[in-house]
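Report on one structure; see the data block that follows.
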Amino acid sequence: MQYTYSKDEKLKSRKLIKELFKNGKAATVYPLRMIYLKKEHFGKYPVKAGVSVSKRNLKHAVDRNRIKRLMREAYRLNKHLLYTNLEEQYIIMFIYLAKEKETFKLIENKMKDLMEKFLRREQKTA
RNA sequence: UAAGUAGUUCAUCUUAUCGCUCUUAGUUUUAUUAAGAGAGGAAAGUCCGGACACCAAAGUGAAUCGUAGCGGCUAACAGCCGUCAUUUUGCUAGAAAUAGUAGAAUAGGACAAGUGCAACAGAAAGAAUGUACAGGUAAUGCUGUAGUGAAACCGGGUAAACUCUACGAGGUGCAAUGUUACGUAUAUUGGAGUGUCGAUUUAUCGACAAAGAGUCUCACGCUCAAAUCUUCAAGGGGUAAACAGCUAAAGUUAAUUAGUAAUAAUUAACGCAGAUAAAUGAUAAGAAUCAAUUUUAUUGAUACAGAAUCCGGCUUACAGAACUACUUUAUAU
């Protein structure tokens, strides 16, 4: 299993992001919220994912960068949960809801919980 | 030695594992391998000044805005340096006025164009001239003194009051702008494209007048048209895709020379981030510094803050460390 997170695995197209926010469904494990949508994106990987932190919650760019890096790191180390269990292609956006900075350990644990919650829900509907 | 003020420099470090962006080279066909590079003194606020780009000349005047002793530096500036003046603080001299010296501050042109404003006190704060006393005249606040006040007729004070003077400023910003691709895009619908005169090639040309559009506001000036066209309005769609712009630059470091200095010149070395839902990171261990507890180990903290076209400034934020200068206090000689 590769623990990479290269350009092809990132959600970059503005068009896709617009569509995601319009039609996507949400799952929350505080302080993280996941917005996801089943969508053929013709990439090589099963998932395209991005992260986002609201300017309203964290005022300084330094703090937002820090949280985004932690979230990306947590996703990178745990994405195999999604890759091994998904058969169709998805686009996902992770959003940080808290107004304070959190540690990496907490974010990683919540990320795992969130992914499991997401998988359970998708397998039920499938 | 300690504390304070000002200035300058730096602003945690090392190793391992797992990653990200760019460049180069290879493998070889779209993935991977190797090497190298990868945030700041403020990258911040967006407050000034430029470079660069476009606006169909990028013009003149007005308005508006800005600057304001003098000289210099600079691509330019509201910045910096020097200097004069004024105000002010300390010290020294002196009986004092004041002078000398060290530092700090200053939106520091003009009230001899016009208009406005001036608490309290005072008759009166600007059309001056009341009262008392004295002097003087043909006559009169004509003259002096008293009284209030910071200031009472003096070319009075006041321009971070209007105003005047001198000088300066066209506007919009890299989502500028150019190329390519996608897209039925010169889509579609509606309105307007006038009048007079002259020439002839008889449907074109030229001149004049009026209207329209553009030129940030106003005026002038300038520019813009003949039907697969121009302009105005309505109105729907689409990309926010790729490349260029995009980082070699008023560059950084060092030395020498010129200059009181800001700064400039010469020589040598270096070649120093270019992302775009946006790279420059995460985790673990150790070291360093500080604080607390306790007593020699544990716990906690390590600031302010993250490039977005690029430079020069200003302003604001900032744990701590080092150096320099000055001031104060204590100790020693």
Side-chain angles (χ1 to χ4, degrees):
Chain A
M1 172 49 64
Q2 296 275 336
Y3 290 105
T4 58
Y5 185 51
S6 60
K7 263 186 174 174
D8 214 40
E9 298 172 73
K10 288 178 188 170
L11 181 57
K12 299 187 108 165
S13 158
R14 285 175 181 276
K15 201 175 173 184
L16 282 178
I17 291 164
K18 218 183 234 175
E19 195 180 337
L20 174 62
F21 278 107
K22 203 175 172 188
N23 303 320
K25 296 184 211 165
T28 307
V29 174
Y30 190 84
L32 300 175
R33 170 173 288 167
M34 168 195 249
I35 294 175
Y36 61 95
L37 184 67
K38 196 185 290 182
K39 172 82 181 171
E40 288 279 322
H41 54 69
F42 308 110
K44 286 193 292 185
Y45 300 93
V47 175
K48 270 184 184 292
V51 299
S52 179
V53 181
S54 169
K55 211 174 204 172
R56 202 175 299 161
N57 291 338
L58 285 169
K59 224 178 79 186
H60 292 291
V62 176
D63 301 335
R64 289 199 297 277
N65 271 345
R66 164 87 182 164
I67 293 295
K68 275 151 93 175
R69 281 164 180 163
L70 292 179
M71 285 165 75
R72 269 202 295 272
E73 195 71 5
Y75 175 77
R76 180 175 74 80
L77 294 174
N78 296 290
K79 63 174 185 173
H80 56 272
L81 286 174
L82 300 182
Y83 280 28
T84 48
N85 292 309
L86 286 178
E87 293 179 357
E88 297 179 79
Q89 291 194 320
Y90 283 83
I91 52 177
I92 297 175
M93 180 66 82
F94 292 97
I95 296 172
Y96 190 74
L97 298 173
K99 297 198 174 177
E100 301 85 30
K101 292 186 273 185
E102 295 288 356
T103 59
F104 176 71
K105 277 184 179 168
L106 186 132
I107 289 176
E108 188 176 18
N109 289 333
K110 298 293 180 185
M111 179 67 79
K112 281 183 195 166
D113 293 348
L114 184 57
M115 284 177 171
E116 281 163 14
K117 187 174 181 183
F118 162 68
L119 286 172
R120 263 184 273 124
R121 198 181 281 186
E122 282 306 291
Q123 278 158 2
K124 236 181 242 174
T125 56

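Every value quoted in this text rests on a predicted model; they were computed, and no experiment measured them. Order of the sequence lines fixes the chain letters, A, B, ..., with proteins taken first and strands second; residue numbering starts at 1 for each chain.
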| said: Syn or anti for B:A53, given that syn means the glycosidic angle lies within 90° of 0? | reply: anti

| Syn/anti state of B:C154 by chi, 90° boundary around 0 | syn

| message | Using atom C1' in both nucleotides, what's the gap between B:U239 and B:A282 to the nearest angstrom? | response | 37 Å

| query | Can you check the A:Arg64 CZ to B:A43 P distance for me, whole Å? | reply | 19 Å

| Is the base of B:G41 syn or anti, where syn means the angle lies within 90° of 0? | syn

| If two hydrophobic side chains count as joined below 4.5 Å and joins carry through other members, does A:Tyr83 share a cluster with A:Ile92? | yes

| request: Quick one: list whatever passes salt bridge (Lys or Arg N to Asp or Glu O under 4.0 Å) with A:Glu73, sequence neighbours left out. | output: A:Arg76

| A:Arg76 side chain, from C-beta outward: closest of B:A282, B:G306, B:C18 | B:C18

| said: Give me the distance, rounded to whole Å, that separates B:A248 from B:A187 when you measure between the C1' atoms they each carry. | reply: 48 Å

| field | Residues in contact with RNA chain B, drawn from residues 103-112 of chain A - heavy-atom cutoff 4.0 Å | value | A:Phe104, A:Lys105

| note | With syn defined as a glycosidic angle within 90 degrees of 0 and anti as anything else, the base of B:U177 is anti

| note | CG of A:Leu81 to NZ of A:Lys112, rounded to nearest 0.5 Å, is 8.0 Å

| B:A11 and B:A317: how far apart are their C1' atoms, nearest whole angstrom? | 15 Å

| note | In short, A:Leu97 meets A:Asn57 closest at the heavy-atom pair O-ND2, 3.2 Å

| task | Hunt down the Watson-Crick or G-U wobble partner of B:C270, both distances under 3.5 Å, from any strand shown, or write none. | result | B:G251

| field | Of A:Ala49 and A:Glu73, the one whose closest RNA chain B nucleotide lies more 5' | value | A:Ala49

Residues 63-70 of chain A, side-chain donor-acceptor partners within the protein, below 3.5 Å, at least two apart:
residue : atom : partner  : partner atom : Å
A:Asp63 : OD1  : A:Lys101 : NZ           : 3.4
A:Arg64 : NH1  : A:Leu58  : O            : 2.9
A:Arg64 : NH1  : A:Lys59  : O            : 3.0

Atom pairs under 3.5 Å: protein N/O with N/O of nucleotides 317-319 of chain B:
none

| Which nucleotide in the set B:A277, B:G306, B:A282 lies at the smallest distance from any side-chain heavy atom of A:Val62? | B:G306

| Expressed as a whole number of Å, how far does the P atom of B:A255 sit from that of B:C10? | 16 Å

| said: Without decimals, in angstroms, what is the distance between A:Leu70 CG and B:U283 P? | reply: 6 Å

| message | For B:A303, give the paired nucleotide (Watson-Crick: N1-N3 plus N6-O4 or O6-N4; G-U: N1-O2 and O6-N3; both under 3.5 Å), or none. | response | none

| task | With sequence neighbours left out, write down each residue that passes side chain to side chain donor-acceptor pair (under 3.5 Å) with A:Thr28, or none if nothing qualifies. | result | A:Arg33

| NZ (A:Lys117) with more than 12 external heavy atoms under 6.0 Å | yes

| said: Work out how far the P atom of B:G82 is from that of B:U266, and round it to whole angstrom. | reply: 26 Å

| request: Keeping to residues at least two apart or across chains, list the ring pair (Phe, Tyr, Trp, His ring centres under 6.0 Å) pairs with something in residues 100-120 of chain A. | output: A:Tyr36-A:Phe118, A:Tyr90-A:Phe118

| query | Is there a donor N/O on one and an acceptor N/O on the other, under 3.5 Å, for the side chain of A:Arg69 and the base of B:G19? | reply | no

| note | Atom CG of A:Leu58 and atom P of B:G306 are separated, to the nearest Å, by 12 Å

| query | Mind checking who B:A181 pairs with, Watson-Crick or G-U wobble, both distances under 3.5 Å? | reply | none

| field | From B:A277, B:U283, B:G306, nucleotide with atom closest to A:Ala61 side chain | value | B:G306

| Across all strands shown, which nucleotide pairs with B:A166 by Watson-Crick or G-U wobble geometry, both distances under 3.5 Å? | B:U67

| remark: Closest heavy-atom pair, A:Ala26 versus A:Arg121, reported as atoms and distance to 0.1 Å, is O-NH1, 3.0 Å

| note | Rounded to the nearest 0.5 Å, the CE atom of A:Met111 sits from the CG atom of A:Leu77 at a distance of 10.0 Å

| C1' atom, B:G274 versus B:G245: distance in rounded Å? | 13 Å

| Using atom C1' of each nucleotide, how far apart are B:C80 and B:G49 to the nearest Å? | 13 Å

| query | Is B:C272 in the syn range, within 90° of 0, or in the anti range? | reply | syn

| message | Does A:Arg72 reach a base, just sugar-phosphate, or nothing at all? Heavy atoms under 4.0 Å. | response | sugar-phosphate

| A:Gly50 or A:His60, whichever maps to the more 5' nucleotide of RNA chain B | A:Gly50

Show me the protein contacts with nucleotides 10-16 of chain B, counting only N or O atoms at under 3.5 Å.
none

| query | Partner of B:A44 by Watson-Crick or G-U wobble geometry, both contacts under 3.5 Å, or none? | reply | B:U315

| task | Could you please name the partner base of B:A105, counting Watson-Crick and G-U wobble pairs only when both distances are under 3.5 Å? | result | B:U86

| Nearest-Å distance for atom pair OH/C1', residues A:Tyr75 and B:A282 | 17 Å

| field | Worked check of side chain to side chain contact (heavy atoms under 4.5 Å, CB included) between A:Asn78 and A:Met115 | value | CA-CA 9 Å; A:Asn78 296 290; A:Met115 284 177 171; 4.1 Å; yes

| query | Could you state the CD1-P distance from A:Ile67 to B:A282, rounded to the nearest angstrom? | reply | 11 Å

| task | Mind calculating the distance between CG (A:Asn65) and P (B:U21) to the nearest angstrom? | result | 16 Å

| message | Pairing check on B:C13: which nucleotide meets the Watson-Crick or G-U wobble criteria with it, both distances under 3.5 Å? | response | B:G286

| field | P atoms of B:A297 and B:A287, separation to the nearest Å | value | 12 Å

| ring-ring contact (aromatic ring centres under 6.0 Å, His included) involving A:Tyr96 - partner list, sequence neighbours excluded | none

| request: Using Watson-Crick or G-U wobble geometry with both distances below 3.5 Å, tell me the partner of B:U30, or none. | output: none

| In one Ile/Leu/Val/Met/Phe/Trp/Tyr side-chain cluster, 4.5 Å: A:Val62, A:Ile107 | no

| task | Could you state the atom-to-atom distance from CG of A:Leu77 to P of B:G281 in whole Å? | result | 17 Å

| task | Check the distance between B:U276's P and A:Lys68's NZ and give it to me in whole angstrom. | result | 13 Å

